[in-house]
Amino acid sequence: MVATLEGTASRCGDRRVAATRHSAFYGNLRPQLYRLIESETVDPVRNPYAPGAGQRPPELAGRDRELRQFEVVLERVARGRPERSMIITGLRGVGKTVLLNSFRSMAIQRLWGTGKIEARPEQSIRRPIASALHMAVRELAPRHRAPDRIERFLGVLKSFAQSGPEDEAKGRARAHRWQPGIDVPATRGRADSGDLEIDLTELFVDAAEVATDVGAGIALFVDEMQDIPADDVSALCAACHELSQSGGPLIVVGAGLPHLPAVLSASKSYSERLFRYARIDRLDRESADIALLAPAEREGVTFTPEALDALYGAADGYPYFVQAYAKVVWDVAPDSPITADDIRVAAPEAENELAVGFFGSRYERATPAERDYMRAMAALGDDPVPTSAVAEELGRKPSSLSPARDGLIKKGLIYSAERGVVAFTVPHFGRFLRAQPV
Ligand SMILES: Nc1ncnc2c1ncn2[C@@H]1O[C@H](COP(=O)(O)OP(=O)(O)OP(=O)(O)O)[C@@H](O)[C@H]1O
Ligand SMILES: [Mg+2]
């Protein structure tokens with residue numbers, strides 16, 4: 001008995017979605033092929049799975065709703081309709097970066113100009129935004145009928161890029177100014193006040209005009225958005241707000257940890273009306289099966305239903321874990337179908353790889369005091385925990401633990417979506433810590 005995509009699709013009760021997405025594959029799936037699949041060897045060279053940060057999965061499973069929502073956003077913005085932009089949030093390894101990249105591909109397919117930044121703590125977004133917008137406008141430039149308008153915009157962009165506080169300090173020595181790689185002279189007097197809110201607003205309005213001229217839009221993608229420094233986040237929200245009122249075809253699409261909505265509302269109260277939040281989570285059983293089966297069957301390999309049960313039990317539907325287990329299982333399995341026994345043989349190696357690459361690399365970033373804090377959290381279970389309970393567990397005063405807690409939030413290891421409560425950003429991190437020798 002083998003599990004097939006077709007079986008999975010009908011079990012999930014939504015044949016239509018699976019059938020459209022896999023129609024090419026379905027067309028060929030005949031009983032003879034099942035027999036072929038059953039005897040096929042599993043070739044490590046053709047291993048399709050892709051564990052790794054931002055690695056494009058061989059099958060983007062379970063994200064149809066978000067993809068459809070973004071399609072609507074693009075269409076509405078293109079038609080000049082008022083539209084909120086999208087922000088994807090979720091735990092580490094659920095596929096935010098991958099989804100953001102898919103959104104970017106959708107915008108590129110519509111011939112929009114696009115650019116992307118990855119925010120870093122304590123780094124102003126001025127220069128990264130300038131580079132991303134430069135890239136977006138370069139994509140549009142060849143279709144623009146008035147090259148001088150593009151030149152004018154690039155002049156403003158250059159001036160914007162050089163107007164940060166750090167450039168101000170070095171202003172006396174123009175030769176030492178940061179050169180953003182834009183080969184037109186900087187145009188003074190617009191988007192160069194040094195106040196990021198004013199400058200971003202002017203820059204976005206001008207960029208949106210360029211996009212309007214070519215009948216397209218511009219989409220800027222911001223990954224790890226929770227890391228943008230507070231003042232810059234507030235400036236970015238204000239610029240988006242201004243733009244949403246003028247209806248210009250430029251959107252900022254973000255991705256970040258679960259507390260990102262709280263970060264944005266703390267910065268501007270109207271941010272909830274500015275963005276549509278899409279929280280993505282672990283894959284449900286049907287989507288996890290599709291994530292495993294679709295790439296395998298394209299290589300003529302499949303899994304038994306028991307193997308799929310065992311894999312869902314081990315990976316718990318978390319996309320990173322799904323890819324990590326599947327990758328090792330494929331290399332271990334002698335032939336198709338892959339069985340529950342193959343999963344049992346592969347599990348220790350997969351767990352080991354996760355312990356080193358996914359959990360361990362993050363744990364090592366923490367200081368000894370931060371590690372104690374996380375161990376105390378882990379001892380309290382897997383749900384979000386009150387900071388007061390962590391203090392009690394450590395026998396310390398809550399205020400004395402603030403540096404450790406803040407350090408962990410800054411490092412993206414824990415988050416606080418609600419005052420006085422903390423949780424791990426990494427799925428199964430509590431379990432990992434409890435299994436470590438003290
Ligand atoms: N929808 C999906 N179906 C199958 N696999 C997926 C899916 N989304 C992501 N993955 C896989 O999960 C892994 C993690 O994806 P990604 O790096 O996008 O997560 P993330 O949420 O950005 O994590 P982080 O918070 O650490 O940046 C990658 O190996 C990717 O291939
Ligand atoms: Mg990511």
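Just so you know, these numbers come straight off a predicted model, no measurement behind them. Values below: every heavy atom of this structure, side chains too, minus hydrogens, waters and symmetry copies. FYI, the numbering just counts along the sequence from 1. In listed order, ligands and their atoms are each counted from 1.
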Give a yes or no on whether the ring-centroid distance for H428 and F321 is below 6.0 angstrom. yes
Which ligand 1 atoms are under 4.0 Å away from a heavy-atom of A53? 17 (O)
Could you tell me whether A291 and ligand 1 have an N or O pair separated by under 3.5 Å? no
Measure the distance from atom 11 (C) of ligand 1 to every protein heavy atom, then report the residue, atom name and distance (to 0.1 Å) of the closest one. Q323 CG, 3.7 Å
Name all pairs fulfilling the side-chain hydrogen bond (donor to acceptor under 3.5 Å, both in side chains) condition that reach into residues 402-412, sequence neighbours left out, sorted by first residue then second. E122-K410, E370-K411
Side chain, backbone, both or neither: which part of R362 comes within less than 4.0 Å of ligand 1 when only heavy atoms are counted? side chain
For the Mg ion (ligand 2), how many protein N, O or S atoms come closer than 2.8 Å? 1
Identify whether NZ of Lys or CZ of Arg in R282 sits under 6.0 Å from the centre of the six-membered ring of Y318 and within 45° of that ring's axis. yes
Answer yes or no: does atom CD of Q436 have more than 12 heavy-atom neighbours from other residues, nucleotides or ligands under 6.0 Å? yes
Using a 6.0 Å cut-off, check whether atom CZ of R434 has over 12 heavy atoms from anything other than its own residue. yes
Is it the case that over 12 heavy atoms from other parts of the model lie below 6.0 angstrom from the CD atom of E75? yes
Okay, side chain of S271, backbone of S267: is any donor-acceptor separation there less than 3.5 Å? no
To which protein heavy atom is atom 17 (O) of ligand 1 closest, and what is the distance rounded to 0.1 Å? G54 N, 2.5 Å
Answer yes or no: is there an ion pair linking E71 with R76, defined by an N-O contact shorter than 4.0 Å? no
Looking only at heavy atoms, is any part of P51 under 4.0 Å from ligand 1, and if so is it the side chain, the backbone, or both, or is it neither? backbone
In ligand 1, the atoms that come under 4.0 Å of a heavy atom of L91 are 21 (O)
If you scan protein heavy atoms around atom 28 (C) of ligand 1, the nearest is G52 O, 3.2 Å
Side chain, backbone, both or neither: which part of V322 comes within less than 4.0 Å of ligand 1 when only heavy atoms are counted? neither
Taking only residues two or more places apart in sequence or in another chain, which ones pass side-chain hydrogen bond (donor to acceptor under 3.5 Å, both in side chains) with D372? none
So that I can tick it off, tell me whether E59 and R298 are bridged by a salt bridge, with the cut-off set at under 4.0 angstrom between side-chain N and carboxylate O. yes
Does a salt bridge link R276 with E83, judged by any charged N lying under 4.0 Å from a carboxylate O? yes
Atoms in ligand 1 with a heavy atom of Q55 nearer than 4.0 Å: 28 (C), 30 (C), 31 (O)
Tell me, which protein residue and heavy-atom name are nearest atom 24 (P) of ligand 1, and how many Å apart are they? R92 NH1, 3.5 Å
Which residue owns the protein heavy atom closest to atom 23 (O) of ligand 1, what's the atom, and how far is it? G93 N, 2.8 Å
Students should be able to answer this: which protein heavy-atom is nearest to atom 20 (P) of ligand 1, and at what distance? K96 N, 3.4 Å
Kindly state whether the ring of F221 and the ring of F103 have centres lying under 6.0 angstrom apart. no
Backbone, side chain, both or neither: what part of R63 comes under 4.0 angstrom of ligand 1, heavy atoms only? side chain
E393 meets the side chain to side chain contact (heavy atoms under 4.5 Å, CB included) criterion, sequence neighbours left out, with A376, A379, L380
At under 4.0 Å between heavy atoms, what of E224 touches ligand 1? The answer is side chain
When you check the gap from the basic side-chain N to the acidic O, do D232 and R126 get nearer than 4.0 Å? no
Say whether L60, considering both its backbone and side-chain N or O atoms, lies within less than 3.5 Å of an N or O atom on ligand 1. no
Looking at R279, I'd like to know if its CZ atom is crowded, meaning that more than 12 non-hydrogen atoms belonging to other residues, nucleotides or ligands lie closer than 6.0 Å. yes
Taking the six-membered ring of F429, is the NZ or CZ of R362 close enough (under 6.0 Å from the centre) and on axis enough (within 45°)? no
For atom 19 (O) of ligand 1, what is the nearest protein heavy atom, given as residue, atom name and distance? G95 N, 3.1 Å
Tell me, which protein residue and heavy-atom name are nearest atom 29 (O) of ligand 1, and how many Å apart are they? A50 O, 2.6 Å
Could you tell me which atoms of ligand 1, counted from 1 in the order shown, lie closer than 4.0 angstrom to a heavy atom of E59? 3 (N), 4 (C)
Is ligand 1 less than 4.0 angstrom away from at least one heavy atom of G62? no
